[in-house]
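Okay, so here's the structure we're looking at.
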Amino acid sequence: MALFEEIYGSYFQAVRKILEKAAVTAITEKDMIQIVRACAFEESPSSIVPKLIRGPWSSLLRREKGDAKAWRSSLSHSSLKTPLTGLQKAWLKSLLEDRRFRLFFSREQLDCIAGELKETEPLFDLSDFYYFDRYEDGDDYESALYRQNFQTVLGALTKKKPLIAAYESGKGNSMTMEVLPCRLQYSFKNDKFRLLALEFRHGRTGRPVTLNLGRIRACHLSRRLPPKRFAPESAWNAGRDMPSVQIRIQNERNALERCMLHFAHYDKQTSYEPESDTWLCSIWYDSADETELLIELLSFGPVLRVLGPEKFWEQVQNRVLRQHELLYRPLEDGEERQQPE
Amino acid sequence: MSDFQELIKSFDRIRDYARQFFLYGFKVRGEFAEKSTRTYDNERRRIENYLAPYIHSSRAPKGRQVSIRMDTGRIRSNPLYAAWKSKSFTDRDLLLHFFLLDLMAGKEAMTVPALCDQIAARYGEVMDPQVIRLKCREYERLGLLCSQREGRTVAYRLTPPLSLESGSLCGQLLCAVKFCSEAAPFGVVGSTILDREYVSNDIFSWKHYFIVHTLEDEVLLTILAAMREKRFISFENHSSRSGRHTTVCGLPLKIFVSVQTGRRYLCLYFADRRRFGCLRLDCIFAPQPLEICPQYDQYQNKLARNLPHCWGVSFGGHSRMETLCMKLYIDESSEAHIIERLKREGRGGQVEKVRENVFLYTGSFFDANEMLPWVKSFTGRILDLQCSNKAVAAKVTADWEAMYQMYGGKDGYGSV
């Protein structure tokens with residue numbers, strides 16, 4: 001089995017879409033260009049469309065009678081969907097063991113999927129992977145309450161309906177709130193789902209809120225209608241503050257590579273400064289994650305220097321000064337430094 | 001560049017460039033020393049085509065630098081999957097693909113001569129029966145076609161769809177695929193399933209998502225196949241630090257994944273050294289399966305016994321385990337979350353209360369050196385740190401001293 005096959009390619013996908021559309025209506029060159037732009041790459045229209053119209057692929061199309069600028073498919077069928085390949089089935093089979101995949105289905109449904117794929121060997125086994133630094137307090141995917149809440153939240157997202165949730169905050173405060181779900185966020189590090197939503201009071205949207213699925217005690221769909229033209233993704237992103245922090249990376253201890261890998265999931269921009277043989281890097285982050293970024297930066301020690309902004313720099317400075325003070329303070333009466341075995 | 005083609009024959013061709021542009025983004029043409037400038041220009045142009053919305057380009061003193069920039073918290077699906085969908089093909093491959101799908105949609109099995117006749121009659125293309133036969137066999141291997149034999153005649157038909165594809169389960173399955181196409185290994189396969197249905201993820205977003213892993217998936221697939229068959233493997237290891245290329249042989253046992261540092265490793269048993277070791281997947285090229293190891297399960301069990309003593313990917317030197325003790329100040333009334341952090345991030349280390357607002361973390365692992373980044377993330381709270389490996393304690397203390405000079409010196413904010 002190979003991942004890199006032309007049948008999964010963007011060119012095949014673009015031609016398929018053109019042929020399917022041209023099977024039901026005559027299409028123009030402009031239509032084809034639009035389809036290719038949506039399905040394939042920047043310069044693909046100039047490769048695909050001429051080949052279809054007048055080149056080696058032109059037997060797939062025929063000119064529309066009476067319209068020299070329109071084409072129809074030469075094929076008899078309007079659906080050119082391929083059967084699932086062995087690779088795709090093997091991948092689905094592997095997922096059956098994934099607790100997160102199982103959240104989407106009832107036991108009976110999982111049995112049905114397993115039955116359909118019984119002849120298929122899995123592509124991988126989850127036990128082949130060892131996630132050594134994933135946090136140990138991930139969501140309890142086996143809990144009946146969690147599974148029920150997950151299904152309800154998923155329903156609210158797919159149906160674009162407001163959700164009423166009884167929620168327990170991190171500090172143990174209970175509250176009930178109505179929210180407009182925007183996205184269900186999964187954190188690979190925390191192994192947790194969070195619902196990104198907007199507060200929804202008396203039919204009006206409010207500030208962005210993040211609800212940990214593991215802390216929802218009960219939830220159900222609201223009867224209220226969401227606002228007209230509600231676009232979940234842009235609504236959530238509009239409410240996010242994305243400041244940046246500037247750092248200098250020293251050319252020692254492989255710091256550049258470690259840093260670039262570690263912060264690869266952030267939007268960042270790096271440039272080399274030959275005079276100092278260092279790299280300057282700006283990292284953009286969600287302000288809600290500032291503390292997380294701060295401790296990540298601290299974990300690099302002195303090979304990485306925070307340059308600004310000032311408030312961020314001060315937070316680093318406070319921790320570093322405090323650490324110095326803690327280490328070099330005199331021991332209190334009776335206090336001993338811990339000795340390892 | 002009149003012969004420029006967007007598509008490529010081999011994925012390895014694009015793998016390294018995509019990685020460099022995404023991770024670093026500041027290198028200019030002259031710094032890609034291993035390849036010619038023309039190769040660089042072609043690969044850069046390809047990547048610019050595949051990932052147009054994410055490409056940033058700027059002028060640097062040494063030339064133009066290209067970077068792939070994105071906040072993975074805002075993407076719906078991994079943009080690097082585009083590179084997997086760029087395999088080149090011949091004109092005949094494409095024509096035959098659609099002819100076969102069209103002719104076989106009638107669900108009746110067809111022989112190669114019948115296909116040959118129909119292709120000529122319906123679409124006006126004359127094709128060599130041998131070419132059609134090879135394509136049918138290829139599609140049978142891929143699972144798109146199945147064959148039936150009657151005497152010496154072989155007839156092909158499309159593989160029937162699964163019944164769950166048309167039933168009530170279909171919507172739920174696609175929803176799960178939207179999630180797993182990003183969150184599960186080999187997510188690009190899920191992405192091809194979504195393409196097949198013309199749908200894309202509109203429900204999930206991601207945090208701590210290292211999209212660059214997908215570039216190693218072809219190598220990973222070969223390694224996992226060798227693991228399934230309990231085989232030794234050999235491969236080229238391209239060291240990212242020294243740049244040296246070496247050939248490595250070993251017994252592949254497990255894939256170690258770091259969800260914090262963006263790295264994946266292959267854990268192997270090296271029979272000649274009688275040791276376990278981990279090598280980064282992104283440095284592995286051209287893996288080849290070798291002979292079967294009769295004691296494979298024995299080494300798997302041995303590794304399983306060792307895993308609780310690994311902080312990360314190091315199995316340590318020849319010394320015994322290293323113990324690290326860290327005493328921290330944590331205000332119990334307002335910082336209970338820090339105590340929770342110690343427990344969930346401590347990888348099995350013990351956390352105990354020493355007295356009011358003072359907690360002790362104790363952990364024993366093969367290589368305490370690997371713990372230092374985590375230890376330093378508690379900077380500002382550590383009352384005392386001791387380690388059985390004195391060099392480790394000395395290193396972290398020296399780091400704090402250097403940081404004190406960096407942030408506590410007279411220069412203050414604004415010094416660079």
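Sequence lines set the chain letters: A, B, ... in the order given, protein chains first and strands last, and positions in each chain run from 1. Treat the numbers as computed from the prediction; the structure is a model and nothing was measured. Heavy-atom basis, side chains included; hydrogens, waters and symmetry copies ignored.
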Which value, rounded to the nearest 0.5 Å, describes the distance between [X] atom [atom1] and [Y] atom [atom2]?
X         : Y         : atom1 : atom2 : answer
Asp93(B)  : Phe12(A)  : CG    : CZ    : 6.0 Å
Ile295(A) : Arg341(B) : CD1   : CZ    : 3.5 Å
Lys207(B) : Asp289(A) : NZ    : CG    : 3.5 Å
Tyr139(B) : Thr85(A)  : OH    : OG1   : 11.0 Å
Leu84(A)  : Leu144(B) : CG    : CG    : 9.5 Å
Lys189(A) : Gln260(B) : NZ    : CD    : 5.0 Å

Could you tell me which non-hydrogen atom of [X] sits nearest to which non-hydrogen atom of [Y], and how far apart they are?
X         : Y         : answer
Phe99(B)  : Ser59(A)  : CZ-OG, 3.6 Å
Tyr328(A) : Glu401(B) : OH-OE1, 3.7 Å
Met403(B) : Gly301(A) : SD-CA, 3.6 Å
Leu101(B) : Pro83(A)  : CD2-CD, 4.4 Å
His208(B) : Ser187(A) : ND1-OG, 2.8 Å
Trp91(A)  : Cys180(B) : CZ2-O, 3.4 Å

### Task
Return the orientation label for the Trp206(B) and Phe188(A) ring planes: parallel under 30°, perpendicular over 60°, tilted otherwise.
tilted
### Query
How are the rings of Trp84(B) and Phe4(A) set relative to one another: parallel (under 30°), tilted (30 to 60°) or perpendicular (over 60°)?
perpendicular
### Task
Begin from the C-alpha positions of Phe210(B) and His265(A) and carry the test ring pair (Phe, Tyr, Trp, His ring centres under 6.0 Å) through to its verdict.
CA-CA 6 Å; Phe210(B) 291 100; His265(A) 57 97; 4.9 Å; yes
Proximity breakdown for [X] and chain A, heavy-atom pairs closer than 4.5 Å:
X         : result
Leu173(B) : both
Gln65(B)  : side chain
Leu51(B)  : neither
Leu221(B) : side chain
Leu142(B) : both
Glu125(B) : side chain
Pro161(B) : neither
Ile8(B)   : both
Ser191(B) : neither
Arg263(B) : side chain
Tyr329(B) : side chain
Thr379(B) : both
Arg92(B)  : neither

### Query
For the side-chain contact (heavy atoms from CB on, under 4.5 Å) test, which of Ile48(A), Val15(A), Leu52(A), Ile7(A) pairs with Leu94(B)?
Val15(A)
Does [X] reach the main-chain N or O of [Y] with its side chain, forming a donor-acceptor pair under 3.5 Å?
X         : Y         : result
Asp133(A) : Val259(B) : yes
Gln172(B) : Phe104(A) : yes
Lys85(B)  : Tyr11(A)  : no
Gln323(A) : Trp400(B) : no

Using non-hydrogen atoms and a 4.5 Å limit, figure out which bit of [X] sits close to chain B: side chain, backbone, both or neither.
X         : value
Phe124(A) : both
Leu280(A) : neither
Asp286(A) : neither
Leu157(A) : side chain
Leu261(A) : both
Ile113(A) : both
Arg194(A) : side chain
Leu297(A) : neither
Lys171(A) : neither
Tyr135(A) : both
Trp284(A) : side chain

Highest number of heavy-atom pairs under 4.5 Å with chain B: which of [options]?
options                                    : value
Glu314(A), Gln246(A), Met242(A), Lys192(A) : Met242(A)
Lys17(A), Arg134(A), Glu296(A)             : Lys17(A)
Asp267(A), Asn318(A), Leu294(A)            : Asp267(A)

## Note on the structure
Sorted by chain and number, sequence neighbours left out, ring-ring contact (aromatic ring centres under 6.0 Å, His included) with Tyr130(A) holds for Phe256(B)
### Message
Side chains of Tyr198(B) and Glu20(A): any donor to acceptor distance under 3.5 Å?
### Response
yes
### Message
Less than 3.5 Å apart, any donor N or O on the side chain of Glu6(B) or Ser44(A) sitting next to an acceptor on the other?
### Response
yes
### Any Arg45(B) side-chain heavy atom under 4.5 Å of Glu42(A) side chain
no
### Task
Compare all side-chain heavy atoms of Met260(A) with those of Val212(B) and state whether any distance is below 4.5 angstrom.
no
### Summary
salt bridge (charged side-chain N to carboxylate O under 4.0 Å, His left out) pairs touching residues 1-13 of chain A, sequence neighbours excluded, are Glu6(A)-Lys135(B)
#### Entry: Electrostatic pair Arg228(B)-Glu121(A), nearest N-O below 4.0 angstrom
no
### Output field: ring centroids Phe193(A)/Phe179(B) closer than 6.0 Å
yes
### Verdict with reasoning, Gln88(A) to Thr192(B), per side chain to side chain donor-acceptor pair (under 3.5 Å)
CA-CA 8 Å; Gln88(A) 290 166 331; Thr192(B) 66; 2.9 Å; yes
